K.L.:
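I'd like to ask you about the structure that follows.
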Amino acid sequence: MKYAVFFLALAAPVHAETPLSGDAFEALVTGKTLTFSVGGDPYGVEYYAPGRRVIWSFVNGDCQSGAWYEKPTDAGPQICFVYENNEQEQCWQVFEEAGSIRAEFMNVPGTTVLYQAIEAEPLVCGGVGA
């Protein structure tokens, strides 16, 4: 994943929670803009449009359109994303936790990447708000 180089890989224990299904994730995020951070430091913002479409922006304002889908696995459902300039799927197990979202990056076996997402102001890309 192109974006993985920007994320911090943290050693962490495996959580026994059940990851969100695609339908549960969709109900939670559609129409919202979420800010993602690691250790309290924001690194990006994503708008979740209807039809499982997304617009991602790093904190520098570089926006990319994409889409997401559910990918069933033996370890539970994953939420996978593909973006306009990078068609390699980027898969996460997503958990709802105390009013925020925690996502674990699944593309790199043996590592866990933890992210927290909170609802943010509307995303602005190229001067246009989402």
Side-chain angles (χ1 to χ4, degrees):
M1 162 179 168
K2 173 179 165 181
Y3 305 115
V5 298
F6 295 100
F7 304 144
L8 301 173
L10 305 172
V14 175
H15 298 279
E17 304 125 321
T18 302
L20 293 176
S21 67
D23 289 342
F25 181 73
E26 184 172 30
L28 188 63
V29 301
T30 299
K32 294 182 180 177
T33 300
L34 301 179
T35 297
F36 290 84
S37 62
V38 176
D41 295 325
Y43 67 86
V45 178
E46 192 157 45
Y47 172 69
Y48 294 85
R52 298 186 173 188
R53 306 291 304 166
V54 294
I55 300 172
W56 167 262
S57 175
F58 285 109
V59 292
N60 68 4
D62 181 25
C63 297
Q64 293 193 18
S65 296
W68 69 268
Y69 54 92
E70 179 181 347
K71 179 180 180 180
T73 71
D74 290 341
Q78 295 181 8
I79 306 300
C80 298
F81 296 80
V82 291
Y83 295 91
E84 62 187 355
N85 294 327
N86 181 8
E87 293 187 16
Q88 179 184 353
E89 70 178 5
Q90 299 166 43
C91 296
W92 308 81
Q93 283 197 318
V94 180
F95 305 89
E96 185 176 11
E97 204 171 75
S100 67
I101 293 173
R102 179 174 51 83
E104 298 182 11
F105 187 53
M106 305 307 292
N107 287 47
V108 182
T111 64
T112 299
V113 181
L114 302 176
Y115 302 93
Q116 285 194 305
I118 58 170
E119 193 163 355
E121 295 297 319
L123 178 61
V124 176
C125 288
V128 178

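In this text, all values refer to a predicted model and were calculated from it rather than measured experimentally.
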K.L.:
If you take the centroid of each ring, where Trp contributes its six-membered ring, are Trp56 and Phe81 closer together than 6.0 Å?
P.N.:
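That pair fails the under 6.0 Å test.
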K.L.:
Working to the nearest 0.5 Å, report the span between CH2 of Trp68 and OH of Tyr48.
P.N.:
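Trp68 CH2 to Tyr48 OH: 9.0 Å, rounded to 0.5 Å.
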K.L.:
Give me the atom names and distance for the closest heavy-atom approach of Ala75 to Pro19.
P.N.:
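Taking Ala75 first and Pro19 second, the nearest heavy atoms are O-CG, 4.2 Å.
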K.L.:
Which atom pair, heavy atoms only, marks the closest approach of Ser57 to Cys63?
P.N.:
CB-SG, 3.7 Å
K.L.:
For a quick test of reading the model, state the closest non-hydrogen atom pair linking Ile79 to Gly22 and the distance between them.
P.N.:
CD1-CA, 3.8 Å
K.L.:
Work out which heavy atom in Pro77 is nearest to a heavy atom in Glu70; give both atom names and the distance.
P.N.:
CB-OE2, 3.3 Å
K.L.:
Hey, what do you get for OG1 (Thr33) to CD (Glu46), rounding to the nearest 0.5 Å?
P.N.:
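Reported to 0.5 Å precision, the distance equals 9.5 Å.
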K.L.:
From Ile101 CD1 over to Leu28 CG, what is the distance, rounded to the nearest 0.5 angstrom?
P.N.:
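The CG atom of Leu28 is 4.5 Å from CD1 of Ile101, to the nearest 0.5 Å.
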K.L.:
Under the side chain to side chain contact (heavy atoms under 4.5 Å, CB included) rule, what do Met106 and Lys71 come out as? Steps first, then yes or no, please.
P.N.:
CA-CA 11 Å; Met106 305 307 292; Lys71 179 180 180 180; over 6 Å; no
K.L.:
If you group Ile, Leu, Val, Met, Phe, Trp and Tyr by side-chain heavy-atom gaps below 4.5 Å, do Tyr47 and Val82 land in one group?
P.N.:
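No, no single cluster joins them.
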K.L.:
How close do Gln78 and Gln93 get, counting heavy atoms only, and between which atoms?
P.N.:
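Minimum heavy-atom separation between Gln78 and Gln93: CG-CG, 3.9 Å.
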K.L.:
Answer with yes or no whether the hydrophobic clustering places Leu34 together with Tyr69; edges join I, L, V, M, F, W, Y residues whose side-chain heavy atoms lie under 4.5 Å apart.
P.N.:
no
K.L.:
Filter on salt bridge (Lys or Arg N to Asp or Glu O under 4.0 Å), then keep only pairs touching residues 48-59, sequence neighbours left out; what's left?
P.N.:
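Listed by first then second residue: Asp23-Arg52, Glu26-Arg52.
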K.L.:
Measuring from Phe95:CZ to Glu17:CD, what's the distance to the nearest 0.5 Å?
P.N.:
5.5 Å
K.L.:
Could you check Asn107 against Gln88 for side chain to side chain contact (heavy atoms under 4.5 Å, CB included), going step by step and ending with a plain yes or no?
P.N.:
CA-CA 10 Å; Asn107 287 47; Gln88 179 184 353; 4.2 Å; yes
